[in-house]
Amino acid sequence: MTDTLENASTYQRIYALVNRIPSGQVATYGQIAAMVGSCTARMVGYAMAALPYDTDIPWQRVINRQGKISPRGGGDGALKQRQLLEAEGIQFDTKGRVDFEQAGWPGPDWGWLAENDFFPADLPWA
DNA sequence: CTTTTGACGCGTA
DNA sequence: CTACGCGCCAAAA
């Protein structure tokens with residue numbers, strides 16, 4: 001077997017992709033799902049929910065399509081997430097939404113894609 | 001082995 | 001602007 005993400009599980013691919021989001025930028029669940037391929041936005045949400053609390057994955061940079069932070073079961077995590085994003089320079093409007101034109105993640109770089117044989121067919125940003 | 005349970009997005013009305 | 005339905009996977013008990 002290879003070390004490429006090609007044959008990795010869906011969750012593993014999602015985590016790998018989320019891990020590529022640079023500080024100061026945010027991506028949506030649907031965006032990640034589209035890049036992973038054969039995956040829906042909900043899958044990404046499930047993958048985030050399954051993450052351990054002590055993960056290195058920048059889960060806080062993944063928000064919903066409305067530019068808002070998903071309320072999560074309890075609610076304390078959402079506030080923490082906003083604070084982390086603000087600390088990275090992300091700006092929220094009065095409605096608590098992020099402007100994707102300003103902080104949206106364009107996607108992973110091509111070099112990384114080639115390195116991991118990660119090359120879905122229908123990418124809107126390709 | 002089965003059942004439960006989650007951080008969603010998009011079209012349509 | 002709101003409301004509703006549908007699609008889909010993995011881990012834990």
Side-chain angles (χ1 to χ4, degrees):
Chain A
M1 66 164 197
T2 71
D3 291 7
T4 65
L5 292 172
E6 212 171 3
N7 48 42
S9 68
T10 302
Y11 273 33
Q12 284 299 306
R13 281 188 279 176
I14 290 171
Y15 297 148
L17 215 34
V18 171
N19 212 33
R20 302 286 67 154
I21 306 174
S23 177
Q25 292 188 314
V26 294
T28 67
Y29 296 99
Q31 186 182 358
I32 300 296
M35 291 181 213
V36 170
S38 301
C39 175
T40 65
R42 198 189 289 215
M43 301 294 96
V44 180
Y46 294 162
M48 295 298 104
L51 281 173
Y53 193 71
D54 60 355
T55 182
D56 290 330
I57 298 173
W59 56 270
Q60 72 272 18
R61 294 175 193 147
V62 184
I63 60 180
N64 64 29
R65 195 60 192 173
Q66 303 165 44
K68 294 195 267 192
I69 294 170
S70 291
R72 210 203 231 192
D76 57 325
L79 180 60
K80 173 77 173 181
Q81 184 171 2
R82 173 163 177 161
Q83 292 176 338
L84 284 171
L85 293 177
E86 289 179 325
E88 293 181 356
I90 303 293
Q91 294 177 4
F92 291 80
D93 63 13
T94 54
K95 301 184 187 74
R97 292 191 296 187
V98 176
D99 179 14
F100 289 114
E101 293 293 320
Q102 171 190 264
W105 183 44
D109 56 274
W110 296 104
W112 182 83
L113 292 172
E115 276 292 319
N116 295 278
D117 290 333
F118 196 101
F119 209 81
D122 304 308
L123 296 178
W125 44 270

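Excluded from the calculations below are hydrogen atoms, water molecules and symmetry mates; all remaining heavy atoms, backbone and side chain alike, are included. Naming convention: chains lettered A, B, ... in sequence-line order (proteins, then strands); numbering from 1 in each chain.
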In whole angstroms, the gap separating P of C:dA11 from OH of A:Y15 amounts to 8 Å
Atom OH of A:Y29 and atom P of B:dC8 are separated, to the nearest Å, by 6 Å
Against the side chain of A:T10, the closest entry in C:dC9, B:dC8, C:dC8 is C:dC9
Testing B:dC10, C:dC1, C:dC8 for proximity to the side chain of A:R65, the answer is B:dC10
With a non-hydrogen cut-off below 4.0 angstrom, is A:A50 in contact with a base, only sugar-phosphate, or nothing? nothing
- Any chance you could lay out the ring pair (Phe, Tyr, Trp, His ring centres under 6.0 Å) test for A:W105 and A:F100, step after step, and finish with the verdict? CA-CA 8 Å; A:W105 183 44; A:F100 289 114; over 10 Å; no
### Message
Please determine whether residues A:Y29 and A:F92 belong to a single hydrophobic cluster, defined as Ile, Leu, Val, Met, Phe, Trp and Tyr linked transitively by side-chain heavy-atom distances below 4.5 Å.
### Response
no
Between OH of A:Y46 and P of C:dA12 the distance, given in whole Å, is 16 Å
Rounded to whole Å, CZ of A:R13 lies from C1' of C:dC8 at a distance of 14 Å
Rounded to whole Å, CD1 of A:I14 lies from C1' of C:dA10 at a distance of 10 Å
message = Under a 3.5 Å threshold, yes or no: a donor from one side chain and an acceptor from the other, between A:Q60 and A:E88?
response = yes
From OH of A:Y11 across to C1' of C:dA10 the rounded distance in Å is 4 Å
Rounded to whole Å, CD of A:Q66 lies from P of B:dG9 at a distance of 7 Å
When rounded to whole Å, the CG to P distance for the pair A:L51 and C:dA10 reads 15 Å
* Asked: Taking a hydrophobic cluster as the set of Ile, Leu, Val, Met, Phe, Trp and Tyr residues connected by side-chain heavy atoms closer than 4.5 Å, whether directly or through intermediates, do A:W59 and A:L85 fall within one such cluster?
  -> no
